[in-house]
Amino acid sequence: MGIVLKIIPGLVICLIIALVSQSLSYILPIGAATFSILIGLLIGNTVHLKSYFEGGRKFAESKLLEISIFLLGATISVQMISLLGLKGIILIVTQMCFVIIFTIWIGEKLGFGLNFSYLMASGNAVCGSSAIGATAPAIHATQEEKGLAVTLVNMMGTVLMFILPVIASVLYHSQTLPTSALIGSTLQSVGQVVASGSLVNDEVKNYATLFKLIRVVFLVFVVFSLSNIKRRNLSTEDSSEKVRIQFPWYVIGFVILCVLYSLGVLPSWAATISNNTSHLLEIIALAAIGLNVNLKRIIKQGKLLSLYALSIVGFQILLAILLIQLFY
C-alpha cells in the first residue's frame, strides 16, 4: 500500500497532462504524443515539483511505456505487410537501414555518446518514443539520454508533419502511393503519420499508416541489432569485462502478440482495446519523460543538437525521395 501511495501523486499529474493532450489533438492537427511531451517540458522547467511526485513520474516513464510497447503488438499483422507488396517492404527496410547507419555515424562525428546516437537511430528509423523506450534498457542508456532523445525526436517529427505534405504536393501532386510512402517511411510516430496524412486526404492517411506500421514490425530486429552492436563495442574496449545485454520482456511480448494477431487468435475487439490502451499509456509516459527533461542542458548543446536533428531530417527526406523515385 505504501508503494501505491508513493506512485499516485505523480501518476495523476501525468494522466491529467495526457488527457489534456488528447483533447488538444482533436482540435489541432498535432498528435497527442507531441502535446504531452511539450506540456510536460513546460511544467517540468517552470514549476518545481515536490519530491513526492517523483515516484509516480518514474513509474509512468518506465513501466507504462513498457506496457504500451507490448500492447502495440496486437495491432500489427503479417497480412498488413502483403498489402504494400515487395516494393513497399524493400523501400521501408532500405530506408530504415540507411537512416540507422547515418544517424549513428553523424552522431559520433558530432561528439555525441554512443547510447544517445543509438536511441536517435532507433527513434527516427522505427517508431519514435516507443522505439527509444524499447532500445534504452537493451543498451543500458540513462534516463537523461532517453529523455533527451525522445524530446528531440518528437520535435523533429512535429516539424516534418507539416513539411512533408507540402513536399509531396510539389513533387507528386499528392498522388496516393508516393505521398503515403514519403510520410509513412519518414515520420517518427504513428500519431504524427496519421496527422500528416490527414492533411492530404483519408486515403493517404490510411496507406501512410500502413507504411508506418510495417516499420513498427521491425522494432524487435532493430533493438536486437543495436543491443548486439553495443555488446561487441564494449567487449572490444574491455575484453576482460563480461557484458550482459538484457533483452526487454515487452519487445518479446510485442512479437508474441503480433503473431497471435496474425493467426487470428486475437479478436478485433481485443486489438482495438489494445491499440487504444497502448496509445493512452504512451502519452502518459511521454508526459512523465517531458517532466524530467532539463531544458538548460539542451540549450547548452543547442547548436550541436540542432545540427544533428537537421542532418538526420535532411538525410531522411532526400533518401525517401530517391527510393520513391526508384520504386514508384
Side-chain angles (χ1 to χ4, degrees), residues 10-44 46-47 56-57 60-61 64-65 67-69 71-72 74-76 123 127-133 150-166 168-169 174 176 179-180 182-184 186-213 215-216 268-291 293:
L11 187 58
V12 168
I13 286 182
C14 295
L15 177 60
I16 292 172
I17 293 173
L19 294 176
V20 170
S21 300
Q22 187 68 58
S23 300
L24 289 173
S25 71
Y26 294 136
I27 301 171
L28 299 171
I30 300 175
T34 301
F35 274 125
S36 190
I37 195 165
L38 289 178
I39 294 172
L41 270 168
L42 181 63
I43 295 174
T46 56
V47 180
R57 191 205 62 76
E61 180 181 39
L64 294 190
L65 187 58
I67 298 171
S68 171
I69 297 165
L71 293 175
L72 194 62
T75 66
I76 310 291
C127 52
S129 307
S130 297
I132 292 170
V150 166
T151 301
L152 191 57
V153 163
N154 273 277
M155 288 180 175
M156 292 163 63
T158 300
V159 175
L160 279 176
M161 190 170 63
F162 296 102
I163 292 176
L164 292 181
V166 176
S169 177
S174 298
T176 300
T179 301
S180 301
L182 178 65
I183 293 172
T186 306
L187 275 171
Q188 286 79 355
S189 77
V190 177
Q192 290 165 352
V193 169
V194 171
S196 186
S198 299
L199 295 176
V200 185
N201 57 55
D202 284 342
E203 191 175 16
V204 166
K205 179 190 73 175
N206 292 338
Y207 273 95
T209 302
L210 190 55
F211 272 101
K212 177 63 186 177
L213 290 178
R215 286 166 65 191
V216 177
S268 58
W269 60 265
T272 300
I273 291 174
S274 293
N275 183 43
N276 293 337
T277 305
S278 175
H279 176 68
L280 177 60
L281 294 180
E282 180 189 2
I283 59 177
I284 293 173
L286 290 178
I289 289 172
L291 287 170
V293 171

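The figures that follow rest on heavy atoms only: side chains count, while hydrogens, waters and symmetry mates do not.
The side chain to side chain contact (heavy atoms under 4.5 Å, CB included) test applied to L42 returns T46, not counting sequence neighbours. With sequence neighbours excluded, the residues forming a side chain to side chain contact (heavy atoms under 4.5 Å, CB included) with A60 are L11, C14, L64, I284, A288, listed by chain and number. By the salt bridge (Lys or Arg N to Asp or Glu O under 4.0 Å) test, R57 is found to be paired with E54, E61, residues two or more places apart in sequence or in another chain being considered.
To the nearest 0.5 angstrom, S130 atom OG is 4.0 Å from E282 atom CD. Here the straight-line distance linking atom CD1 of I273 with atom OG of S268 works out to 10.0 Å at 0.5 Å rounding. The distance from the CG atom of L15 to the CG atom of L280 is 6.5 Å, given to the nearest 0.5 Å. With values rounded to the nearest 0.5 angstrom, I39 atom CD1 is found 5.5 Å from L24 atom CG. Here I183 contributes atom CD1 and F211 contributes atom CZ; the two are 11.0 Å apart, rounded to the nearest 0.5 Å. Once rounded to the nearest 0.5 Å, the distance linking OG1 of T186 with CD1 of I163 reads 11.5 Å.
Side-chain N or O atoms of N154 include one that pairs as donor or acceptor with a backbone N or O of V150 at under 3.5 Å. Between the side chain of S274 and the backbone N or O of A270 there is at least one donor-acceptor pair closer than 3.5 Å. Using a distance-only test at 3.5 Å, with no hydrogens or angles considered, no donor-acceptor pair links the side chain of S278 to the main chain of N275. Panel note: side chain R215, backbone G184; a donor-acceptor pair is recorded below 3.5 Å. Using modelled atom types, one side-chain atom of S36 and one backbone atom of A287 make a donor-acceptor pair closer than 3.5 Å.
Here the shortest heavy-atom pairing between L281 and S68 reads CB-CB, 3.9 Å. The two residues V204 and S174 make their nearest non-hydrogen contact at CG2-O, 4.4 Å. Residue L164 comes nearest to L182 through the heavy atom pair O-CD2, 3.8 Å, listed as atom of the first residue, atom of the second, then distance. Here the shortest heavy-atom pairing between Q188 and G157 reads OE1-CA, 3.2 Å. Scanning both residues, A32 and S21, for their nearest heavy atoms gives O-CB, 3.5 Å.
Taking the side chain as every heavy atom from C-beta outward, I13 and I43 never approach each other to under 4.5 Å. Counting heavy atoms from C-beta outward, C127 and K212 have side chains that approach closer than 4.5 Å.
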